[in-house]
Structures are given as structure tokens and as C-alpha cells.
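Step one of this worksheet: look at the structure below.
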Amino acid sequence: MAGESASGEHGAAAGASERREYLFKVLVIGELGVGKTSIIKRYVHQLFSQHYRATIGVDFALKVINWDSRTLVRLQLWDIAGQERFGNMTRVYYKEAVGAFVVFDVTRGSTFEAITKWKSDLDSKVFLPSGGPIPAILLANKCDQKKENSIQSSSQMDHFCKENGFVAWFETSAKDNVNIDEAARCLVENILQNSKNFPVEENDVGSVQLDNVTPPGEPKSLCC
């Protein structure tokens, strides 16, 4: 009986050692007021409010995902303020990110027009170990509301994403909880695929340190 118990304990230990844990830094970027914080609040906390304040600088949220029986994923979501693309701090904020959501508001065509600038800025500041761009998913947010006429059709969006290097796009609504989990799953799948080639130890894949990320005096809010 003792031998069986020891064997069982050994098997449990072996099973535990096979479990993989990842910490991935994911950026959420786009123009001011497109719903970045609302998307994060819905995804992480299953909450929605009409009264978020504008994010100043950067905010963080953590989502823990039991991906499968052997894989635990921690997504560290960095909520980058809409005006930050024009500041010098984005290079610091983007550092070590392994994936991104780029968000626009379907009710405001100007936020879609800004997407190429956000994507270009992202691709110029953060890279995979291979030197390629990190996977980015385009979110057409506030799909519960009436779209502006200038917003493109589905086939045009497919072409736009192919032309600009997005791995996929989703119509989302933080208010009605539309496609947010699906978009996140798609991004994590792409990150995990890339992680096989990361030149770091398995348990440290995509890991980031929060220490000293926000410089002294840099304002930070808890919501937007």
C-alpha cells in the first residue's frame, strides 16, 4: 500500500511539473473614448458602466485563464490612454508586449481613420524575438450602436486587416458583451503559437516586470 501511495504522489508531482504557466503582456490601444477601458472591465470583471473617466497615462488589469488542463495563462492588459500615441512614453509602455488589441468606435469614423497610425506606431516600437510584429487584433467596438456611414463593410474590413497586418478583427460591444471573449481567445491562441519560439524559459514566457514602469510624477487612473 505504501508503494502505491508513493507512486501516486510521484504521478501527481509529475503532473504538476508538466503544467505550464504563462504571463503575457497585452496592449489595448486606440483613440480617446473608443471604449478600451470598458472592454477590459467587461472581459476581466464582467462589469459595464456608462461613467468611466478618461484614462491618464496607463492602467493595468489582470485576467487569469485556465486555458486547458495543463496551461494557465495570465493576461496583463495594459490600458493605454488615447492621447498617448503622441507622447514619448509609449515606447516604455509597449516594451515586452506580446500581443495587442487596437480599438475603434463604429459610431465615429475618425477613430477608424486613426487605426493605421496606431498600428504603425505599435509596429515601430515592439517586436517578436524573430523581429516580426506582435499579433494585433482590430476591435470594431460599440457595435450595439448605429454605425457611421463611413465605416467599412465586412469584406472591406477583411481586406483592411490583411493590408495592415492584423491577424483578425471582431465587432465588439462592451455593453452587450459581444465577441470580447472570442477576440481575446483568438489573440491568446496567436500568442501561444508564437511563444514556442520565444528564447526564454517556459515559465517566464512573455513575463514582464511592473517595477518602475510609470515614472515619478506620471499620473495614472484606475478607469476610463
_Side-chain (T111) to main-chain (D105) donor-acceptor, under 3.5 angstrom_ = yes
*Any side-chain heavy-atom pair of N194 and V98 under 4.5 Å*: no
_I'd like to check L75 versus Y43 (side-chain heavy atoms, cut-off strictly below 4.5 Å). Are they in contact?_
yes
*Could you tell me whether a side-chain N or O of D79 sits under 3.5 Å from a main-chain N or O of D59, the two making a donor and an acceptor?*
no
*Is there a chain of hydrophobic side chains (I, L, V, M, F, W, Y, each step under 4.5 Å between heavy atoms) that links F112 to V178?*
no
_For Y94, is there any backbone N or O sitting under 3.5 Å from a side-chain donor or acceptor partner on K125?_
no
*Salt-bridge test for R185 and D181: reply yes if a basic N is under 4.0 Å from a carboxylate O, no otherwise.*
no
*Could you tell me which residues satisfy ring pair (Phe, Tyr, Trp, His ring centres under 6.0 Å) with F101, sequence neighbours excluded, listed by chain and number?*
none
*Would you say the side-chain atoms of S120 pair up with the backbone N or O of K117, donor to acceptor, closer than 3.5 Å?*
no
*Please round to the nearest 0.5 Å and tell me the distance separating atom CG of N190 and atom CD1 of I134.*
11.5 Å
*Do L27 and V167 share a hydrophobic cluster, counting only Ile, Leu, Val, Met, Phe, Trp and Tyr and linking them when any side-chain heavy atoms are less than 4.5 Å apart?*
yes
*Are L72 and L23 in one and the same hydrophobic cluster, where Ile, Leu, Val, Met, Phe, Trp and Tyr link if side-chain heavy atoms are under 4.5 Å apart?*
yes
*Hey, is the main chain of G35 close enough, under 3.5 Å, to the side chain of K142 for a donor-acceptor pair?*
no
_Which residue in the set L77, I180, V26 passes side-chain contact (heavy atoms from CB on, under 4.5 Å) when paired with I40?_
L77
*Heavy-atom count around K175 NZ within 6.0 Å, excluding the residue itself: above 12?*
no
*May I ask you to decide if G30's main-chain N or O and K36's side chain share a donor-acceptor pair within less than 3.5 Å?*
yes
*Backbone of E148 reached by a side-chain donor or acceptor of R108 within 3.5 Å*: no
*asked:* Keeping R20 on the side-chain end and R70 on the backbone end, is there a donor-acceptor pair under 3.5 Å?
replied: no
*Within-4.5 Å side-chain heavy-atom neighbours: Y22 and L192*: yes
*Considering all heavy atoms of both residues, which atom of L128 and which atom of P133 are nearest to each other, and what is their separation?*
CD1-O, 3.3 Å
*Taking the side chain as every heavy atom from C-beta outward, state whether N141 and I39 have any pair of such atoms under 4.5 Å apart.*
yes
*asked:* Which residues pass the side chain to side chain donor-acceptor pair (under 3.5 Å) test with D158, not counting sequence neighbours?
replied: W169
*asked:* Determine whether a donor-acceptor pair (N or O, by modelled atom type, separation under 3.5 Å) exists between the side chain of N179 and the backbone of E182.
replied: no
_Just so I know, are the side chains of R74 and L62 near enough to count as touching, which here means a heavy-atom distance under 4.5 Å?_
yes
